[in-house]
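Input: a single structure, listed below in structure tokens.
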Amino acid sequence: MEIALVGLVAVFFAVAVYLLLSKSIIRMLLGIVVIGNAVNLVLFTAGRLTAEVPPIIPAGEYVPLAGSANPLPQALILTAIVIGFALFAFLLVLGYRAYQELDADNTDTMRLAEPEDAPRPPLSY
Amino acid sequence: MASPYESLDLPPAMIESATPAADWVVVWPVALALVGAGLLVMLRGRRDMQVAFAAAFVAAIVVSNIYLVMRVFEAGPLAMTMGRWLPPFGISFAADMTGALFSLAASVSALVVVFYAQSEIDSREHRFGFYPLLLLLLGGVCGSFLTGDVFNLYVWFEVMLISSFGLIVLGGRKVQLDGAVKYGFLNFLATSFFLMAIAYLYGLTGTLNFADLASKADDLPLGAMLTVAALFLFAFGMKAAAFPANAWLPASYHTPAISVSALFGGLLTKVGAYAAIRVLMVVLPEGRLMLEPVIAAVALATMLLGPLGALAQTNIRRAIGFLVIGGIGALFAGLALGTQHGIGGAVLYATHSILTLTAFYLAAGVVEKMSGTQDIRLMGGIYAANAPLSIVFVVLVFAVAGLPPFLGFWPKLLLVEGGVRAGQWFLVAGLLLNSLLTLMAASRIWAHVFWRNGPEGERSEQPNTMLRALTGAEKRYALGSTVVLVALIVVLGLFPNWLFTASGMAGFDMLDPTRYIDAVFAEVNRP
Amino acid sequence: MNTVIFRTVAPGIAALMLVFSIFVLLRGHNEPGGGFIGGLIGASGLAVYGIACGVAEVRRAMVIHPIVLAGFGVFIATLAGLMPLFVDAPFLTGLWWIFELEGQEIALSTPLIFDIGVYAVVVGAVATIALTLENDEEHY
């Protein structure tokens, strides 16, 4: 089971890197989503995939059943998903605004902050 | 009522003894920042109250950080585990001298920026929450410095990142959007790698607490340890803008309002450097040893390329951005040495760098207000118009380059001494060359901005007509707060004794984290 | 989207979702539920109302700006964490006051205050984003 997930992580990373290397902001956004999910899957796999027993304490018991799943990675992933979603929402709005204001979806043409014809520094005092 | 839990034979998981209120000082900086941010958001219509509350909260954070440093100075590392759970089950906050000193320096810088910001944050930027975001950013930064849990470190990184996103687009000018796109994407990528490294570390050791990791990570197989250490180094190097991953910093740090630039330049990159030192020294010391040549190469390249980049700039803020990168190189040089002198020097250098680079950005902001431009070719003649500013600036030029007797000299001295003792001659040469190049770049800015009479090419003796005088508010808030910060840098440079002792303690506790581990597990080991 | 049917039904759906969100909020801690999921349901209710009746109507109905609600949430959640200071326990320790009311056991606690804070943060923040995206005229 771990092997299958590792393969999935590899596929996700390949897709994400391919998308992130693109010039287009919208493709890079998709790459961000995919890489976020890939990392969450790594976190999930790192917690070991053991049992089909959910980590819920049954009524009348005070400890989880033996062999139940590890709840910690799930908590970590939930945190990571929430944070990742917030960052992605910001980047999505930012990308949309940049598209409206700068009229550019192509990172090559976004050179306002670093002008392409940057002046040479003064050579003399 | 008899608890049914008592019939079970479970090992204790809760802290039984009382926690003295004085121990709360580890969480005060973060808790105050969060309470303050919430309160300021609620007061969003009331500008005057927002300013007063923001100043009060940041001042309270400074005071609690001073108390924290004093406590750590006297009694060694201090820890507290949340929710009465025993570590490593509960999330720990733990401060050794490194974290406490970084946190103090960061909050002092933020306090100065709160006052400075009144000269330039307009009502529109105000309505979108400059002060709440500043407090949230400070909370994230202090949280990163004080947390004792690697996943919690990730959470504070993200708190810091989200509030920095808000700050960098504040005002919404086109150039800010352009800078924010690059800043946002690359920082998101860095945190993804950080999270992946955490996942591997958790998978290998089954724990996330720094103190617990420090005692468990020694037994890891070397290959796995090297992989995890390399991932951490890459993620934190990207956050800190070390050489191969530094391009986002000069592309974005010059775009927002100068108060925001100053906060970013002073605070944010140091968090990456701190995390690299903490994780590689305490958790994965053998991984650091294996990566030492890589860290040394990164440090060397960063130290040389930073100031060289600054030399090639005509935009004053971008030039300072490259100086920030050069300073990160010196921090990584300390990490590459990995000795008492190296780590102590790096901690002291970061303290200096937080204060000095904030002041440098703030001084550049005053220059921009007078000349109305960021282009140093169009400046000139400010010495005649405002002599005190030129004195402040030249002090900063010497401080950032590490000339005696200013604060920047002492950490450089420690680092060079550490390099000589370790026989790392390349790093020694790099550190000295970094000082020389930084001095060239910074004094060149000073000469062009202050000494020359007018814009480039003009030879007349007439004063520069493009300059305007500072208004009363700008003099009071902008120039005044910059002068106070520079005065602090000068005083700390003249009386560095306690800082030397503190950095010695910081280095000692990083190399041998026994005291740190004992502080975190004090409740567990209590008989 | 603003057909007559939808505009007539939407206030009812929104009200039902808000009530349900508070139910989910209070049910939390020992059973599935809690501030985060409740807040998401509440914010979705506001978003539905916004789609049907317009953003201005939602802002009028909410009285306070959603971001103020988020700030309030951060404020009381942190205050709930600070309360153990008075009983010499560490930050964020849960304190419980259990009493009986007409034969029913009522449990009040700092985790509940914390959860209400989380609820307010989530409703406020998600509603801010949703209303901004629904409204094309106004940005941020």
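The sequence lines fix the lettering, A, B, ..., with proteins before strands; numbering per chain opens at 1.
Of residues 7-19 of chain A, those residues lying under 4.5 Å from chain B by any heavy-atom pair are A/Phe13.
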Using atom types as modelled, flag every donor-acceptor pair under 3.5 Å from a side chain in residues 26-44 of chain A to any protein atom, sequence neighbours excluded.
{"residue": "A/Asn37", "atom": "ND2", "partner": "A/Val33", "partner atom": "O", "Å": "3.2"}
{"residue": "A/Asn40", "atom": "ND2", "partner": "A/Gly36", "partner atom": "O", "Å": "3.4"}

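Only the side chain of A/Arg48 comes within less than 4.5 Å of a heavy atom in chain B; its backbone stays farther off. With a threshold of 4.5 angstrom between heavy atoms, B/Ser192 approaches chain A through its backbone and through its side chain. With a 4.5 Å cut-off on non-hydrogen atoms, B/Phe188 touches chain A through its side chain but not through its backbone. Heavy atoms of B/Leu311 lying under 4.5 Å from chain A belong exclusively to its backbone. Using a 4.5 Å cut-off between heavy atoms, A/Leu76 contacts chain B through both its backbone and its side chain.
Checked against the 6.0 Å centroid threshold, B/Tyr154 and B/Phe151 count as a close aromatic pair.
The pair B/Lys182-B/Asp178 meets the salt-bridge criterion, since a charged nitrogen lies less than 4.0 angstrom from a carboxylate oxygen.
In terms of heavy-atom pairs under 4.5 Å with chain B, the best-connected choice from A/Leu91, A/Leu20, A/Thr45 is A/Leu91.
The side-chain contact (heavy atoms from CB on, under 4.5 Å) with B/Met238 is formed by just one residue from the set B/Thr191, B/Asn187, B/Leu186; it is B/Leu186.
Taking the six-membered ring where the residue is Trp, A/Phe90 and B/Phe165 present parallel rings, their angle staying beneath 30° rather than reaching 60°.
Put simply, the side chain of A/Ile25 reaches to within 4.5 Å of the side chain of B/Phe185, judged on heavy atoms.
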